[in-house]
**Q** 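Take this structure, written in structure tokens, and hold onto it; I'll ask about it next.
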Amino acid sequence: MPNPNDLRYTKIALNNGSGAIPALGFGTLIPDPVATRNATKSALEAGFRAFDTAERYRTEKEVGEAMQEVFKEGKIKREEVFVITKLWNTNHRPERVKPAFEASRKKLQVDYVDLYLIHTPFAFQPGDEQDPRDANGNVIYDKGVTLLDTWRALERLVDEGACKAIGISDVGLEQVKEIVNAARIKPAVVHVESHPYLPEWDLLNYCKEKGIVLQAFASLGHNSEPKVVEDLIITGIAKRVNKTPAQVLLAWAIQRGTALLTTSKNPTRIQENFDVSAIPDDAMREINDGIKTRVRLNAVVQTGVPGFIPRAK
Ligand SMILES: NC(=O)c1ccc[n+]([C@@H]2O[C@H](COP(=O)([O-])OP(=O)(O)OC[C@H]3O[C@@H](n4cnc5c(N)ncnc54)[C@H](OP(=O)(O)O)[C@@H]3O)[C@@H](O)[C@H]2O)c1
């Protein structure tokens, strides 16, 4: 068992030599701009040092402003924070990648981005409409570009220096293998939904074998039914080890070797989610062997349409 008090500071080395990603990360998929700004600031103050945003979340500006405010106070430096953002589906055409990256970087007010992810493997009709639909309401996909074309454009961003590491999100094992086999610069991170109801062991084992970090989103189950924070095995362990169910879930994710993202608008919960310490090996076994429920909460991997983002602008 790792030193219980060190767990929250766990960092995982990236395979491209650009540094290490803090295992415990804060996600900013928060619809309200003021809440995003406040939550980002609270999370930095609580101790989080990895922040995830995306062009599609429309939170980059608020995350950038909150970071700048905290950096200006002088307590935390830019270099101590790991900044992640993502390329949206409408920008998969290689010529659109750099402008999209630069727009994100500017909104975030950073000289470099620590990790740039392809948000989903689905290319949508290129353009400014993030959710392009035909007259019947169906998504308009772009057949004129492959995931590998887009990946090559991300590799060029790394060559140019303002993007330290690249990765892919909302992909399955076969897609990850395709990119790994064809890439000049291998993905540093694979970012997917994962929690005890969707442990993704095969993907995690493959990633570990290749030195790729699996970063789990919805690590507390996104407050969706069935609620993993209310699972009887999780609540039973929480009672036994005197932690909250969320802290048990976050410890489990780090101890099995993933990075993770969690989100809250509530400062007390943000602090709770950073105050993670190790759970005993028998609790790890109980979660791994005892929880049989299997459910995917976010259908984005099937369509490229984000399950947790409202359609309207
Ligand atoms: N690539 C993708 O397609 C994708 C998709 C989804 C998410 N993500 C990323 O992953 C991040 C995390 O995902 P997520 O939002 O699903 O995270 P999550 O942490 O599983 O779920 C967040 C929900 O849990 C609640 N919560 C937070 N702390 C809690 C606690 N201690 N006890 C009980 N409930 C708690 C929050 O409510 P309160 O705010 O009320 O506390 C919120 O409703 C996102 O912000 C985003 O950056 C990526």
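We number each residue from 1, following the sequence as shown. Order of listing sets the numbers, starting from 1, for every ligand and every atom in it.
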**Q** With atom 12 (C) of ligand 1 as the reference point, say which of T263, V171, V228 has the nearest heavy atom.
**A** T263
**Q** With a cut-off of 4.0 Å, which atoms of ligand 1 are near a heavy atom of G27?
**A** 11 (C), 44 (C), 45 (O), 47 (O)
**Q** Do the charged groups of R8 and D6 touch, with an N to O distance under 4.0 Å?
**A** no
**Q** Who's the nearest protein heavy-atom neighbour of atom 48 (C) of ligand 1, and how far?
**A** Y57 OH, 2.9 Å
**Q** Check each atom of ligand 1 against the heavy atoms of G221 and keep those under 4.0 Å away; list them by number with element.
**A** 20 (O)
**Q** Just checking, is any N or O donor in the side chain of E62 or T40 under 3.5 Å from an acceptor N or O on the other one?
**A** no
**Q** Does an N or O anywhere in L29 fall below 3.5 Å from an N or O of ligand 1?
**A** yes
**Q** Using a 4.0 Å cutoff against the non-hydrogen atoms of A246, which atoms of ligand 1 qualify?
**A** 30 (C), 31 (N), 32 (N)
**Q** Checking the N or O distance criterion of under 3.5 Å, is ligand 1 in contact with L261?
**A** no
**Q** Under 4.0 Å from a heavy atom of D52: give me the atoms of ligand 1 that qualify, with their elements.
**A** 9 (C), 46 (C), 47 (O)
**Q** Starting from atom 13 (O) of ligand 1, what is the nearest protein heavy atom, named by residue and atom, and what distance separates them?
**A** A218 N, 3.4 Å
**Q** In terms of residue, atom name and distance, what is the protein heavy atom nearest to atom 38 (P) of ligand 1?
**A** R269 NH1, 3.2 Å
**Q** Look only at interatomic distance and state if D170 has a nitrogen or oxygen under 3.5 Å from any nitrogen or oxygen of ligand 1.
**A** yes
**Q** What is the closest protein heavy atom to atom 5 (C) of ligand 1, and at what distance does it sit?
**A** F217 CE1, 3.2 Å
**Q** T244 near ligand 1, heavy-atom distance under 4.0 Å?
**A** no
**Q** For residues 201-217, please give each side-chain donor-acceptor pair under 3.5 Å, one per line with the distance, not counting sequence neighbours.
**A**
unit_1, atom_1, unit_2, atom_2, d
N205, ND2, W201, O, 3.3
K208, NZ, R256, O, 2.7
Q215, OE1, H191, ND1, 2.9

**Q** Does ligand 1 come near enough to H191 that some N or O of the ligand is less than 3.5 Å from an N or O of the residue?
**A** yes
**Q** Can you list the ligand 1 atoms lying under 4.0 Å from a non-hydrogen atom of H119?
**A** 1 (N), 2 (C), 3 (O)
**Q** I need the atoms of ligand 1 closer than 4.0 Å to a non-hydrogen atom of T262, numbered in the order shown.
**A** 19 (O)
**Q** How far is atom 14 (P) of ligand 1 from its nearest protein heavy atom, and which residue and atom name does that atom have?
**A** H222 ND1, 3.4 Å
**Q** Would you find a donor on one side and an acceptor on the other, under 3.5 Å apart, between the side chain of R285 and the backbone of G290?
**A** no
**Q** For atom 41 (O) of ligand 1, tell me which residue out of A35, P306, S264 has the closest non-hydrogen atom.
**A** S264
**Q** Are N89 and Y141 close enough that a side-chain donor and a side-chain acceptor fall under 3.5 Å?
**A** no
**Q** Could you check whether K86 and S169, counting side-chain N and O atoms only, form a donor-acceptor pair closer than 3.5 Å?
**A** no
**Q** Pairing donors with acceptors under 3.5 angstrom, does anything connect the side chains of N91 and E55?
**A** yes
**Q** For ligand 1, note which part of L117 has a heavy atom under 4.0 Å away: side chain, backbone, both or neither.
**A** neither
**Q** With no hydrogens and no angle check, is any side-chain donor or acceptor of Q247 less than 3.5 Å from a backbone partner on T244?
**A** yes
**Q** Measure the distance from atom 28 (N) of ligand 1 to every protein heavy atom, then report the residue, atom name and distance (to 0.1 Å) of the closest one.
**A** N273 ND2, 3.0 Å
**Q** Can you tell which part of P245 has a heavy atom less than 4.0 Å from ligand 1: side chain, backbone, both or neither?
**A** neither
**Q** For S18 and N16, does a side-chain donor sit closer than 3.5 Å to a side-chain acceptor?
**A** yes
**Q** With respect to L220, determine whether any N or O atom, backbone or side chain, lies less than 3.5 Å from an N or O atom of ligand 1.
**A** yes
**Q** Check contact between F26 and ligand 1, using heavy atoms of the residue and a distance below 4.0 angstrom.
**A** no
**Q** Where on E272 is there a heavy atom closer than 4.0 Å to ligand 1, on the side chain, on the backbone, on both, or on neither?
**A** side chain
**Q** For the residue pair E200 and S194, confirm or rule out a side-chain donor-acceptor distance under 3.5 Å.
**A** no
**Q** Check this for me, if you would: do D159 and R184 make a salt bridge, where the nitrogen-to-carboxylate-oxygen distance has to be below 4.0 angstrom?
**A** yes
**Q** Does the side chain of T53 pick up a donor-acceptor pair with the side chain of T59 at under 3.5 Å?
**A** yes
**Q** Please walk me through it: do E65 and Q109 pass side-chain contact (heavy atoms from CB on, under 4.5 Å)?
**A** CA-CA 8 Å; E65 287 167 358; Q109 301 185 51; 3.9 Å; yes
**Q** When you compare the side chains of T90 and Q130, does any donor N or O come within less than 3.5 Å of an acceptor on the partner?
**A** no
**Q** Return the closest protein heavy atom for atom 1 (N) of ligand 1 as residue, atom name and distance.
**A** S169 OG, 2.9 Å
**Q** So, is K86 polar-close to ligand 1, with some N/O to N/O distance under 3.5 Å?
**A** no
**Q** What I want to find out is whether K98 reaches E160 closely enough, with some N-O distance under 4.0 Å, to be called a salt bridge.
**A** yes
